[in-house]
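Predicted model, so just to flag it, every value in this text is computed and none were measured. For this chain, numbers begin at 1 and follow the sequence in order.
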Amino acid sequence: MQEQPQSDRTTCCIVGGGPAGVMAGFLLARAGVNVLVLEKHKDFFCDFRGDTIHPSTLELMHELNLLDEFLTQPHQELGEITANFGARVVHIADLTHLPTRCKFIAFMPQWDFLNFLSSHARRFPQFRLRMEAEVTGLLFDQDRVVGVKARTPDGPLEVRATLVIGADGRSSVVRKCAGLEVIDLGAPIDVLWFRVPMHADDPPQAFGFVSAGQFMVLIYRGDYWQCAYVIRKGSFEQRQQRGLDAFRQDIARCAPFLANRVGEIKQWDDVKLLSVKVDHLRQWYRDGLLCIGDSAHAMSPVGGVGINLAIQDAVATANLLAPKFLKNQLQVDDLKSVQNRRARPARLTQRLQVFLHKHLLERIFDSPELIAPPFALNLAEKFPKLRRIPARMVGVGFRPEHVR
């Protein structure tokens with residue numbers, strides 16, 4: 001006999017407790033809209049979550065009167081983006097001239113960021129967050145989405161809502177069940193994700209390390225480096241066949257200061273494969289449903305901008321839809337207005353990422369020797385003011401949003 005599902009009802013059901021989902025839930029609840037956020041994991045701890053909090057997001061924290069408290073959380077600040085081409089340090093972007101209160105990128109484990117944000121969201125009675133609630137499908141009334149079906153430790157759950165927001169990431173169940181068309185831009189890279197201990201005399205946080213045929217990013221996490229080793233898409237099995245010792249040697253060549261600790265990678269189970277996607281939905285919405293963040297536009301990890309674009313989507317969603325919710329006047333055209341506002345910044349960013357894949361990462365992979373820095377980076381070395389241009393693109397983005 002099939003178990004009878006529990007039932008729940010809310011105004012807005014948000015699928016996914018990542019940056020887009022939690023921020024959208026926070027802002028909608030702050031405006032007086034009843035929100036239920038469903039997150040499939042039992043907590044926010046997930047190694048694949050990014051760590052960069054960009055100046056545009058820090059500006060939003062200021063607008064919410066949370067910035068001072070937020071900056072008391074453990075984090076590292078980066079005011080300049082550099083890359084190591086062999087032994088040469090190349091200066092890419094200078095964030096110290098941005099028109100924002102915080103002229104730096106904050107590195108903070110995303111689980112700390114989400115715990116901070118959700119703890120403040122819970123102060124609003126309209127906000128609810130349910131962990132270990134994995135959405136498996138949608139509820140329909142003819143062609144209109146009217147809710148979701150989920151799996152929980154207490155049994156099946158059905159939630160009915162005026163609007164379902166899909167914020168469940170690049171492998172979104174929501175967008176798949178909604179039948180929304182995905183346009184794949186292609187990504188020639190994957191990422192190998194692992195950690196090594198940090199030592200007191202290690203160099204400061206850098207954008208990346210380039211050596212012959214290799215590129216790697218190191219993310220500061222207090223007592224260890226979270227490493228993102230970039231490889232050609234589909235080449236992980238070949239690396240496994242070469243053996244773990246060969247992989248350790250590659251890491252030591254790419255970032256020589258790690259040579260004395262690559263032995264901490266003891267087995268292939270210590271290395272996780274992150275399959276990179278760059279795609280977007282042709283249409284982010286249908287009656288009763290809206291996708292935002294990576295569900296609407298999966299980003300490459302290049303530049304670390306995905307989290308911040310997702311948060312900008314959440315702010316625009318709350319700004320545009322909260323008044324409609326409160327007046328009980330939400331229409332499909334209102335969902336379209338979110339896409340109209342946010343699609344262009346996402347696509348411009350994706351085009352830039354695809355360009356860097358082709359003209360930088362492919363060059364690195366194809367060369368048996370260390371490549372010279374691209375002409376634009378050499379120019380920025382000669383004329384430091386030019387570093388403000390990439391700083392603006394990475395730190396603020398193409399269309400920053402502000403909390404109303």
Side-chain angles (χ1 to χ4, degrees), residues 6-46 49-51 53 57-75 106 108-135 147-148 150-154 157-169 174 290 292-293 295 307-308 310-323 325-326 401-404:
Q6 310 165 60
S7 61
D8 202 340
R9 182 176 292 275
T10 187
T11 303
C12 181
C13 179
I14 300 175
V15 182
V22 174
M23 180 62 87
F26 178 15
L27 295 177
L28 287 169
R30 177 176 174 268
V33 179
N34 289 317
V35 176
L36 173 60
V37 180
L38 301 178
E39 167 56 39
K40 68 179 181 179
H41 296 102
K42 66 179 180 180
D43 54 39
F44 291 126
F45 186 87
C46 177
R49 297 190 187 276
D51 293 58
I53 312 297
T57 300
L58 295 170
E59 193 75 3
L60 296 172
M61 302 304 285
H62 168 76
E63 293 170 2
L64 292 167
N65 295 316
L66 297 177
L67 181 61
D68 290 344
E69 182 183 352
F70 180 74
L71 292 178
T72 65
Q73 310 300 306
H75 70 283
M108 176 187 293
Q110 194 178 119
W111 48 86
D112 288 342
F113 173 63
L114 292 173
N115 280 325
F116 177 86
L117 202 57
S118 60
S119 68
H120 283 275
R122 286 189 176 98
R123 298 178 182 180
F124 299 103
Q126 295 87 352
F127 180 89
R128 288 187 293 152
L129 171 62
R130 184 159 181 173
M131 308 300 287
E132 294 186 274
E134 182 179 1
V135 169
V148 301
R151 185 188 301 120
T152 77
D154 300 323
L157 169 68
E158 290 188 354
V159 180
R160 295 189 174 268
T162 303
L163 179 68
V164 172
I165 294 180
D168 51 339
V174 169
L290 172 69
I292 61 174
S295 301
I307 299 169
N308 302 279
I311 289 172
Q312 301 294 321
D313 286 356
V315 175
T317 298
N319 285 345
L320 293 168
L321 301 189
F325 275 126
L326 296 175
E401 303 289 344
H402 297 279
V403 176
R404 290 181 187 170

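Between G293 and A20 the shortest heavy-atom distance is CA-CB, 4.4 Å. The shortest non-hydrogen separation linking V159 to C13 is CG1-SG, 4.0 Å. The shortest non-hydrogen separation linking H402 to L60 is CA-CD2, 4.0 Å. Nearest heavy atoms, G166 versus V174: CA-CG1, 3.8 Å. Closest of all the heavy-atom pairs between P19 and L114 is N-CD2, 3.7 Å. In this structure, A29 and F127 approach most closely via the heavy-atom pair CB-CB, 3.7 Å.
For T152 (side chain) and A133 (main-chain N/O), no donor-acceptor pair under 3.5 Å exists by modelled atom type. At least one donor-acceptor pair closer than 3.5 Å links the side chain of N115 to the backbone N or O of W111. At distances below 3.5 Å, not a single donor-acceptor pair connects side-chain atoms of E401 with backbone N or O atoms of Q312. Judged by distance alone, the side chain of R160 and the main-chain N or O of R9 form no donor-acceptor pair under 3.5 Å.
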Evaluate the side-chain contact (heavy atoms from CB on, under 4.5 Å) criterion for residues L67 and E59: first the C-alpha distance (whole Å), next the side-chain angles of each, then the deciding distance (0.1 Å), finally the verdict.
-> CA-CA 8 Å; L67 181 61; E59 193 75 3; over 6 Å; no
Go through the steps for Q73 and F113 under the test side-chain contact (heavy atoms from CB on, under 4.5 Å), then give the verdict.
-> CA-CA 9 Å; Q73 310 300 306; F113 173 63; over 6 Å; no
Carefully, step by step, assess H41 and E134 under the rule side-chain hydrogen bond (donor to acceptor under 3.5 Å, both in side chains).
-> CA-CA 8 Å; H41 296 102; E134 182 179 1; over 6 Å; no
Dump the intermediate steps for side-chain contact (heavy atoms from CB on, under 4.5 Å) on L27 and L64, then the final yes or no.
-> CA-CA 9 Å; L27 295 177; L64 292 167; 3.7 Å; yes
Take T11 and V35 through the test side-chain contact (heavy atoms from CB on, under 4.5 Å) and record every step on the way to the result.
-> CA-CA 6 Å; T11 303; V35 176; over 6 Å; no
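Salt bridge absent: K40 and D168 never bring a charged side-chain N and a carboxylate O closer than 4.0 Å. Contact check on E132 versus K42 returns no salt bridge, with no Lys/Arg side-chain nitrogen under 4.0 Å from an Asp/Glu carboxylate oxygen.
Considering only heavy atoms from C-beta on, V15 stays 4.5 Å or farther from E39 through its side chain. Side-chain contact between T10 and D8 is absent, with no heavy-atom pair separated by less than 4.5 Å. Contact check for R122 versus L129: side-chain heavy atoms found under the 4.5 Å cut-off. Here the side chains of L38 and I14 are not in contact, with every heavy-atom distance at 4.5 Å or above.
Atom OG of residue S7 and atom CG of residue L157 lie 8.0 Å apart, to the nearest 0.5 angstrom. Atoms OG1 and NE2, from T57 and H62 in turn, are 14.5 Å apart once rounded to the nearest 0.5 Å. Separation of atoms CZ (R30) and CZ (R123) is listed at 13.0 Å; rounding is to 0.5 Å. The distance from atom CD of E158 to atom CD of Q6, rounded to the nearest 0.5 Å, is 10.5 Å. Going from atom CD1 of I165 over to atom OG1 of T317 covers 5.5 Å, rounded to the nearest 0.5 Å. Rounded to the nearest 0.5 angstrom, S119 OG and E69 CD are separated by 7.0 Å.
With M61 as the partner, the side chain to side chain contact (heavy atoms under 4.5 Å, CB included) test is satisfied by one option alone out of D68, I53, L117: L117.
Heavy-atom contacts from other residues, nucleotides or ligands closer than 6.0 Å to CG of D154 number more than 12.
Taking the centre of each ring, F116 and F70 come in below the 6.0 Å mark. Side-chain rings of F26 and F124 approach one another, their centers coming within less than 6.0 Å.
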